Amino acid sequence: MMRTRPLKVALLGCGVVGSEVARIMTTHADDLAARIGAPVELAGVAVRRPSKVREGIPAELVTTDATALVKRGDIDVVVEVIGGIEPARTLITTAFEYGASVVSANKALLAQDGAALHAAAEDHDADLYYEAAVAGAIPLIRPLRESLAGDKVNRVLGIVNGTTNFILDKMDSTGAGYQEALDEATALGYAEADPTADVEAFDAAAKAAILAGIAFHTRVRLDDVYREGMTEVTAADFASAKAMGCTIKLLAICERAEDGASVTARVHPAMIPLTHPLASVRGAYNAVFVESDASGQLMFYGPGAGGAPTASAVLGDLVAVCRNRLNGATGPGESAYAALPVSGMGDVVTRYHISLDVADKPGVLAQVATVFAEHGVSIDTVRQQGKDGEASLVVVTHRASDAALGGTVEALRKLDTVRGVASIMRVEGE
């Protein structure tokens, strides 16, 4: 039997995502009520610019006083889609204090203060759900937190930013340079006027922190994530990748150490074989590859951003949280029992592709090979091209630690025959 009294929802933010949340709540009201077991009512919408016309939202619901809205006392669920750290953090904790559960899409806040927010939710017997914070419409948080709760996840490898994937895909498919591809992404609306958060990997790093924390039952903060943007990737790098049967993606990689005693989280450009499923992810799409003991390899794929796709994830959380409210229960909270140490980038072991500008004369290759050997870095392949006294030397290593590779490169720079290090890129996904 359906409860007749509606569950009241406060919406914080009515931009691209928030407006879609409001629209779906209105147009799918009957379906949502049937799935939840009670109607849901949009009780208020907090915005910065109240004069803006918002189709389908009654003017009397719009307010600029978000604090008063979450303090009303009759709100069941607060949906936070304003982003940023403040005032979002204060509004969410206030919502818990006044008896509401929270659905958020705020990756930056969750990556920085997720533990404190989970603790506040637990203190007030409330839910904190955030499927929309990572990979848009792709169901990922809930499968990691619930479907794989009985499994041991060892690695999460994924493309979690649509803007950077569009740019890199364009560079790969057309031979365009970085700036040309970025300009097209901006013109099509895939990149913001200031694309720094995307291209310098701040966005992806926040998502990696969230994924690592859930996957490994360990608190991982944004500061724990190694971050390297993709602005230095060149057409020459793509040419080298193609010569190896690879392409280049900006990857978020979260993994356990081989001994299981620690974890790492990192975001950086990497070459991956064309045979890997992530290599075929095109345009602004996202995909995440999960490796676990019992389930083996799983891949989650779909649109990673946009108003409607992200709103779909928000509404999925809203349905789950409303069901919990009706049942007088809460869903799974933070699971950080493993408390594994988070290692730095120096401990990460992977393959490397290094391009060197060298003098074109006898003995150069021997000198370079000696430096690699002295630092314990094994060489897999070497390719050399040169004329007029200058040459390009491309070295691909076997697996080595980042620290060992760093020492190798430092020593290479001191060789008289090495004119410069043109590029260094990790090779993943094998």
Side-chain angles (χ1 to χ4, degrees), residues 154-161 164-165 167-169 171-172 178 199-202 204-205 207-208 211-212 224-258 262-279 281 287-289 291 342-356 371-372 375-383 393-410 412-413 421-430:
N154 296 309
R155 196 172 196 232
V156 179
L157 173 77
I159 299 163
V160 295
N161 183 279
T164 53
N165 198 59
I167 293 169
L168 292 173
D169 182 40
M171 292 175 70
D172 185 30
Y178 165 75
V199 300
E200 294 294 353
F202 289 101
K207 295 170 180 176
L211 290 174
D224 296 321
V225 181
Y226 172 83
R227 177 190 57 80
E228 182 182 324
M230 42 79 71
T231 58
E232 300 300 319
V233 177
T234 66
D237 292 326
F238 274 101
S240 293
K242 287 181 179 180
M244 292 176 57
C246 293
T247 188
I248 299 172
K249 299 291 186 181
L250 183 74
L251 298 179
I253 305 170
C254 314
E255 57 190 352
R256 294 180 189 269
E258 291 185 2
S262 64
V263 299
T264 57
R266 50 195 166 104
V267 176
H268 53 71
M271 295 181 179
I272 58 171
L274 294 174
T275 53
H276 194 282
L278 291 178
V281 178
V288 178
F289 208 68
E291 301 174 9
V342 183
S343 297
M345 191 63 188
D347 295 325
V348 169
V349 176
T350 189
R351 297 178 67 206
Y352 290 87
H353 175 283
I354 305 102
S355 179
L356 304 171
V371 170
F372 276 88
H375 289 82
V377 179
S378 175
I379 294 176
D380 183 15
T381 62
V382 178
R383 186 173 73 253
L393 190 65
V394 176
V395 178
V396 180
T397 74
H398 288 291
R399 287 170 60 81
S401 72
D402 189 82
L405 196 282
T408 304
V409 171
E410 185 177 349
L412 288 170
R413 294 183 193 276
V421 180
S423 69
I424 303 172
M425 192 167 294
R426 297 166 183 86
V427 183
E428 301 284 348
E430 294 185 281

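Heavy-atom basis, side chains included; hydrogens, waters and symmetry copies ignored. This is a predicted model, so every value here is computed, not measured.
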Straight-line distance of Phe289 CZ to His276 NE2, nearest 0.5 Å: 4.5 Å
message: Quick check for you: to the nearest 0.5 Å, what is the distance between Ile424 atom CD1 and Leu412 atom CG?
response: 8.5 Å
message: Does this structure show an ion pair linking Glu291 with Arg256, if we count only N-O contacts that are shorter than 4.0 Å?
response: no
task: Evaluate the side-chain proximity of Glu228 to Val267: yes if any heavy-atom separation is below 4.5 Å, no if none is.
output: no
task: Determine whether the side chains of Ser355 and Ser423 contain a donor N or O and an acceptor N or O closer than 3.5 Å.
output: no
message: Using every non-hydrogen atom in the two residues, find where Ala279 and Thr247 come nearest and quote the distance to one decimal.
response: CB-CG2, 3.9 Å
Shortest non-hydrogen separation from Ala208 to Val225 and the atoms involved: CB-CG1, 4.2 Å
statement: Correct closest heavy-atom pair for Val427 and Met244 would be CG2-CE, 4.3 Å
message: Any heavy-atom pair between the side chains of Leu251 and Ile272 that's under 4.5 Å?
response: yes
- request: First locate atom CZ of Arg266, then atom OG of Ser343, and finally report the distance between them rounded to the nearest 0.5 Å.
  value: 11.5 Å
field: Side chain to side chain, Thr408 and Tyr352, heavy atoms closer than 4.5 Å
entry: no
- request: List the steps, then state whether side-chain contact (heavy atoms from CB on, under 4.5 Å) holds for Val421 with Arg413.
  value: CA-CA 7 Å; Val421 180; Arg413 294 183 193 276; 3.7 Å; yes
Nearest-0.5 Å distance that lies between atom NE2 in His353 and atom CZ in Arg383: 5.5 Å
- prompt: Of Thr350, Asp402, Thr397, which is the lone residue that meets side chain to side chain donor-acceptor pair (under 3.5 Å) with Arg426?
  reply: Asp402
task: Please name the pair of heavy atoms, one in Gly429 and one in Pro273, separated by the smallest distance, quoted to 0.1 Å.
output: O-CD, 4.0 Å
- prompt: With a 4.5 Å heavy-atom cut-off, do Tyr178 and Ile167 have their side chains touching?
  reply: yes
message: How long is the straight-line distance from SG of Cys254 back to NZ of Lys207, given to the nearest 0.5 Å?
response: 12.5 Å
- prompt: Between Phe372 and Ile354, is any pair of side-chain heavy atoms under 4.5 Å apart?
  reply: yes
field: Approximate separation, where rounding is to 0.5 Å, of Met425 CE and Arg351 CZ
entry: 14.0 Å
query: Do we get Arg227 above Phe202's six-membered ring, with its NZ or CZ under 6.0 Å from the centre and within 45° of the axis?
result: yes
- request: Provide the closest heavy-atom pair for Pro269 versus Ile248 in the form atom of the first, atom of the second, distance.
  value: CB-CG2, 4.3 Å
message: For Ser240 and Asp237, which I'm curious about, is there any donor-acceptor pair between the side chains at under 3.5 Å?
response: no
field: Close side-chain approach of Ile253 to Glu428, heavy-atom, < 4.5 Å
entry: yes
- prompt: Between the side chain of Asn165 and the main-chain N/O of Lys249, is any donor-acceptor distance below 3.5 Å?
  reply: no
- prompt: Does a side-chain heavy-atom distance below 4.5 Å link His268 with Met345?
  reply: yes
- request: Report yes if some heavy atom in the side chain of Thr264 is under 4.5 Å from a heavy atom in the side chain of Val342; otherwise report no.
  value: no
task: Over all heavy atoms of both residues, which pair between Leu168 and Leu250 is shortest? Give the atoms and the distance, please.
output: CD1-N, 3.4 Å
